[in-house]
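Each remark here refers to the structure printed beneath this line.
As the structure lists them, so they are numbered: ligands from 1, and atoms in each ligand from 1.
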Amino acid sequence: MIEAVHLTKRYGAKTAVDGLSFTVRPGKVTGFLGPNGAGKSTTMRLIMGLDAPSAGSVTIGGRPYARLAAPLRTVGCLLDAKAVHGGRTAYRHLAGLAASNGIPRRRVDDVLDLTGLGEVAGERVKGFSLGMAGRLGIAAALLGDPEVLILDEPVNGLDTEGVRWIRNLLKSLAAQGRTVLLSSHLMSETELTADHLIVIGRGRLLADTPVRDFIETNSRARTVVGSPEPERLRDLLLAQGAAVRPGPRGGWCVDGLEAAAIGDLARAHGLAVHELTPVHSSLEEVYTALSRDAAEYRSRQEAAR
Ligand code: ADP
């Protein structure tokens with residue numbers, strides 16, 4: 001479990017993380033989202049003890065990182081996939097980490113297998129692609145068999161197969177009861193991988209909610225509707241204030257009116273309906289709409305000043 005309480009980080013006049021409180025729970029993958037500059041990396045560095053908070057605190061399993069008895073066995077992290085020394089082989093890199101952290105050598109083979117790097121274990125890291133370096137970073141994070149995993153943009157540079165691999169790996173680690181915190185700018189990938197979301201903006205908490213609730217609560221009603229009298233249907237919908245665009249199969253794509261309301265409207269006017277399909281928003285659509293609303297709200301506030 002990771003727990004942040006009023007976590008704050010200031011760099012001079014800039015407040016990168018602003019009174020952030022959240023709990024990342026075991027047994028699920030928690031996605032950590034926010035636009036560039038929102039404070040995600042800073043938060044992750046604070047969790048990992050790489051930077052000290054200006055105020056508040058953050059703990060892993062009840063202790064700040066600096067006070068963990070066996071850090072690598074408690075928390076594994078991948079903050080920057082490229083930050084590995086080039087001259088060593090993958091095996092030497094992991095064996096060095098294992099030795100300096102009191103981790104048995106056999107774990108090196110375990111994590112090389114787990115990350116599909118067994119065959120290139122003897123090659124120098126210098127020649128690794130970004131995707132392979134990412135796998136090596138994950139191998140290092142898993143070396144101590146930690147209860148908590150923190151990954152910053154782990155799918156960067158991975159091909160489709162690698163992306164699927166990491167999705168399944170993270171889900172299975174969570175299913176074993178581990179705590180997994182994952183930042184990504186890829187919404188579709190986050191929607192497929194994460195169970196829970198923590199969303200921040202300008203260093204502040206915007207949402208801390210299950211992915212499904214986030215999408216359901218913030219979705220706009222959208223429905224595909226088809227009728228043998230499409231023009232009449234459109235006029236009725238427009239009169240209700242809905243936005244209407246041409247949709248699939250010759251129907252209309254309607255924003256701003258629930259399927260039930262559309263069905264009732266058609267019935268009240270004696271209009272046949274051949275299709276009536278609610279369309280669920282994706283995380284990407286919901287997130288983009290929320291970010292846009294927040295930006296518009298801010299610019300209105302700023303203009304009013
Ligand atoms: P994210 O990871 O969400 O893109 P960051 O945590 O990297 O966001 O950055 C949050 C804000 O803090 C940004 O405005 C960034 O410019 C600022 N920031 C981050 N690190 C430093 C630093 N070492 N010195 C000054 N400002 C920083």
Query raised in the report: According to a 4.5 Å side-chain heavy-atom criterion applied to Ile, Leu, Val, Met, Phe, Trp and Tyr, with indirect links allowed, do Val5 and Leu206 form part of one hydrophobic cluster?
Result: no
Report task. Among all protein heavy atoms, pick out the one at the shortest distance from atom 9 (O) of ligand 1; state its residue, atom name and that distance to 0.1 Å. Result -> Thr42 OG1, 3.8 Å
Query raised in the report: Quick one: which ligand 1 atoms are inside 4.0 Å of a heavy atom on Pro35?
Result: 3 (O)
Report summary line: For Asn36, the ligand 1 atoms with a heavy-atom partner under 4.0 Å come out as 4 (O)
Report task. Among all protein heavy atoms, pick the one closest to atom 7 (O) of ligand 1 and tell me residue, atom and distance. Result -> Ser41 CB, 3.8 Å
Query raised in the report: Between the side chains of Glu284 and Ser282, is a donor N or O closer than 3.5 angstrom to an acceptor N or O?
Result: no
Report summary line: ligand 1 to Ala38, heavy atom cutoff 4.0 Å, flagged ligand atoms 1 (P), 3 (O), 8 (O)
Report task. Please assess Leu265 against Leu233 for the test side-chain contact (heavy atoms from CB on, under 4.5 Å), listing each intermediate value before the final yes or no. Result -> CA-CA 9 Å; Leu265 180 70; Leu233 176 63; 5.7 Å; no
Query raised in the report: Would you say the side chain of Leu142 lies within less than 4.5 Å of the side chain of Leu149, judging by non-hydrogen atoms?
Result: yes
Requested in this report: Taking the side chain as every heavy atom from C-beta outward, state whether Ile47 and Val24 have any pair of such atoms under 4.5 Å apart.
Outcome: no
Report summary line: Counting heavy atoms under 4.0 Å, the part of Arg45 that contacts ligand 1 is side chain
Report task. Specify the protein heavy atom at minimum distance from atom 10 (C) of ligand 1: its residue, its atom name, and the distance to 0.1 Å. Result -> Gly37 O, 3.3 Å
Query raised in the report: Do protein heavy atoms approach atom 5 (P) of ligand 1 to less than 4.0 Å?
Result: yes
Query raised in the report: Side chains of Val286 and Met187: does their closest heavy-atom pair fall under 4.5 Å?
Result: no
Query - Test of proximity, Ala16 against ligand 1: N or O pairs below 3.5 Å - result: no
**Report entry** Side-chain heavy-atom pair Val225, Leu237 within 4.5 angstrom cut-off
**Finding:** yes
Report task. Can you spot which of Arg73, Arg178, Arg106 makes a salt bridge (charged side-chain N to carboxylate O under 4.0 Å, His left out) with Asp145? Result -> Arg178
Report summary line: So the atoms of ligand 1 within less than 4.0 Å of a heavy atom of Gly39 turn out to be 1 (P), 3 (O), 5 (P), 6 (O), 8 (O), 10 (C)
Query raised in the report: To the nearest 0.1 Å, how far is atom 27 (C) of ligand 1 from its closest protein heavy atom, and which atom is that?
Result: Tyr11 CD1, 3.3 Å
**Report entry** Protein heavy atom at shortest distance from atom 15 (C) of ligand 1
**Finding:** Lys14 CE, 4.7 Å
